[in-house]
Number of protein chains: 2
Amino acid sequence: MVPDDDGAFAPTTEDAPSSSGFLDDGKNTIGSQLASRLREAIISGELQAGSKINLEKARKTFNVSLSPLREGLARLISDGLVEFEDNRGYRVSAISLANLEEITTLREEFEVFALRESMRLGDVEWEGNVMRALHRLNRTERDAARPETLERWEELHREFHLTLISGCGKPILLHFCRLLLNLNDRYRRVFLTRTSGDRNVSQEHSEIAQGAVARDMDYSCDMLRQHIHRTGTNLRDHLATKGIS
Amino acid sequence: MVPDDDGAFAPTTEDAPSSSGFLDDGKNTIGSQLASRLREAIISGELQAGSKINLEKARKTFNVSLSPLREGLARLISDGLVEFEDNRGYRVSAISLANLEEITTLREEFEVFALRESMRLGDVEWEGNVMRALHRLNRTERDAARPETLERWEELHREFHLTLISGCGKPILLHFCRLLLNLNDRYRRVFLTRTSGDRNVSQEHSEIAQGAVARDMDYSCDMLRQHIHRTGTNLRDHLATKGIS
DNA sequence: CCTTGACAGATAATCGATTATTTGGATAGT
DNA sequence: ACTATCCAAATAATCGATTATCTGTCAAGG
């Protein structure tokens, strides 16, 4: 119990907006690896929303012992993708219309706030990171026929949005936004394999990013809000189609 | 992996704004009990901010095995009170001026938004809960000489703030606010044993609550914002006094 | 004098087995 | 039929021991 250094929610392993991006590098322990694998399984829809996670089955499936399994699941709880109850075990967080709408609302509220703060506080390096993330995203094709392109695109899309707000200098806020993005991405991965025809998402991203580096707060924030809102509306329709309330 | 029911971040154990309040009832497993004990130890300052948590020592101190200890610590990570790194173990989240300022800023943003939503959506039961929480809080004395009164007051204070925003119908938002409140309470517990002389906190709470049930959005939100801001400023001064940057 | 590498002690991660709790179904009583 | 109670199987929680990893120290080499 010796005092040391570091700050709450300070950029740890996964948080550092290092040059190469946000996606975790050091998957050291079995627990960490499991967390990643489970996260992917949930976000991709492989593990059905709302389903109970049987520890014994999972243990066999992943060929690990209970301890690291619990370790991994514990992290997904922090991510909001898994829920837990004493003596009842773990289950994949359910999806619902209300949940999606809350996620959308909170993203509009907080991601936009974080963007504004980034524009206020971000330095030139932040600007550069934004432009790079934009470029990489727009250069990546999204072909519904090839799942690996979808995954790649999702990864870059996530990184773009996180980079946009990475200049805000508020680790806790970034943590919250990352969480909301996680939750949101699951809906998109499961329900939206291609963009609705009446949108030009690349252009939307460009407008947001250009506005951001130009420090045109009202414009860029408004674009981002609309971008998030449209995605929400889109997803809502798809949920309705599949009869999810 | 059988699908079932329930919603993401839906009011589970600790979330339910039931009649008796927010403070957890069912401390079933050793892991849960540990989480509570550790949380209290951290928020009260007993476990020094920034200090490393030696698993072996902790195991002996609490007289438990590793598994539930990790379980408990995992939950505190969700609460933002503990940090973790692969193969490096756990440590109590550090405190800093920047961290405090972020917490204050985000509370002003999030908690005020949640209050506005509560006023927009809350029903009569919510109003009743607010008035009850206010009454209980204002009837409880806070005597710096008797620590148990401080703890009790903190508990009721926390409950008052959570009740205020409990009508917003947004479980994830509530989760975020609870987290921020946790983090904030640690600063107050550690640095502020009594109210600064120039404030009448009871009256501030009354004004917020009265405005809330009267659905006077602008007034109530403004009062809450000021309330949070004053507390932040106050804490900042105390931190500065103790040479924390 | 500084750097590098190897060792030992400390600490974290994982495992397999054991214990506790819950759940669903069968049975007895109303 | 309906409810309550008790059992057994399923599942979660915990433990103690083992294995893997890290950290600091010290010696050899530059």
Side-chain angles (χ1 to χ4, degrees), chain A residues 1-6 12-14 24-39 42 47-48 50-78 81-93, chain B residues 1-6 12-14 24-39 42 47-48 50-78 81-93:
Chain A
M1 318 253 182
V2 179
D4 242 21
D5 59 67
D6 265 342
T12 53
T13 314
E14 212 172 1
D24 200 338
D25 34 320
K27 297 174 178 180
N28 299 316
T29 67
I30 298 181
S32 288
Q33 296 172 303
L34 268 179
S36 296
R37 288 216 276 166
L38 285 165
R39 185 182 291 111
I42 292 172
L47 245 53
Q48 188 169 138
S51 65
K52 190 166 180 342
I53 296 170
N54 183 305
L55 291 176
E56 195 53 29
K57 284 182 198 163
R59 198 188 67 68
K60 283 171 187 160
T61 303
F62 293 104
N63 206 40
V64 294
S65 189
L66 273 307
S67 323
L69 185 56
R70 283 171 159 275
E71 192 77 30
L73 286 167
R75 301 203 198 173
L76 296 191
I77 292 174
S78 300
L81 292 171
V82 165
E83 289 162 20
F84 172 82
E85 205 174 342
D86 273 353
N87 293 320
R88 301 272 173 96
Y90 305 83
R91 68 173 49 219
V92 180
S93 295
Chain B
M1 319 255 183
V2 179
D4 243 20
D5 60 67
D6 265 341
T12 53
T13 313
E14 211 171 2
D24 200 336
D25 35 320
K27 297 174 178 181
N28 299 314
T29 68
I30 298 181
S32 288
Q33 296 171 306
L34 268 179
S36 296
R37 289 215 275 166
L38 285 165
R39 185 181 292 112
I42 292 172
L47 245 52
Q48 190 170 136
S51 65
K52 189 166 181 343
I53 296 169
N54 183 303
L55 291 176
E56 195 53 32
K57 284 183 197 161
R59 198 189 65 70
K60 283 173 188 159
T61 304
F62 292 105
N63 206 39
V64 294
S65 188
L66 274 306
S67 324
L69 185 56
R70 283 171 158 274
E71 192 77 31
L73 287 167
R75 303 204 197 173
L76 296 192
I77 292 174
S78 300
L81 292 171
V82 166
E83 287 162 23
F84 172 83
E85 206 174 342
D86 271 353
N87 293 321
R88 301 273 172 96
Y90 305 83
R91 69 174 49 220
V92 180
S93 295

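Here is how names work: the chains are called A, B, and so on, in the same order as the sequence lines, proteins then strands, and each is numbered from 1.
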Practice prompt. Kindly indicate, with the supporting measurements, whether the criterion side-chain contact (heavy atoms from CB on, under 4.5 Å) is fulfilled by F62(A) and I30(A).
Written response: CA-CA 10 Å; F62(A) 293 104; I30(A) 298 181; over 6 Å; no
ask   = Going through the checks in order, is the side-chain contact (heavy atoms from CB on, under 4.5 Å) test met by L38(A) and I53(A)?
value = CA-CA 11 Å; L38(A) 285 165; I53(A) 296 170; 5.7 Å; no
Should V92(B) and Q48(B) be marked as a side-chain contact (heavy atoms from CB on, under 4.5 Å) after you check the CA-CA gap, both sets of side-chain angles, and the distance that decides it? CA-CA 7 Å; V92(B) 180; Q48(B) 190 170 136; over 6 Å; no
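Ranked by how close their nearest DNA chain C nucleotide is to the 5' end, G89(B) and V64(A) are led by G89(B). Summary of the strand contacts: N87(A) and R59(A) both lie near DNA chain C, and taking for each the nucleotide with the nearest heavy atom, the more 5' one is attributed to R59(A). Annotation: of the two residues near DNA chain D, N63(B) and L55(A), the 5′-most nearest-nucleotide partner is L55(A).
Separating the CG atom of L69(B) from the C1' atom of dC15(D) is a distance of 13 Å, rounded to the nearest angstrom. For the pair N54(A) CG and dA9(D) C1', the interatomic distance rounds to 13 Å; values are reported in whole Å. Going from atom CG of L66(A) over to atom P of dG16(C) covers 10 Å, rounded to whole Å. Between the P atom of dT14(C) and the CG atom of N28(A) lies a distance of 10 Å, rounded to the nearest Å. Rounded to an integer number of Å, the gap from CZ of F62(B) to P of dT14(D) is 15 Å. Residue R88(A) contributes atom CZ, which lies 12 Å from atom C1' of dT11(D) at whole-angstrom precision. Atom CD1 in I30(A) sits about 14 Å away from atom P in dT19(D), given to the nearest Å. Remark: P of dT22(C) and CD of E85(A) are 10 Å apart, rounded to the nearest angstrom.
Side-chain N/O atoms of K52(B) include one lying less than 4.0 angstrom from OP1 or OP2 on dA12(C).
In this structure, L47(A) CG and L81(A) CG are separated by 10.5 Å, a value rounded to the nearest 0.5 Å.
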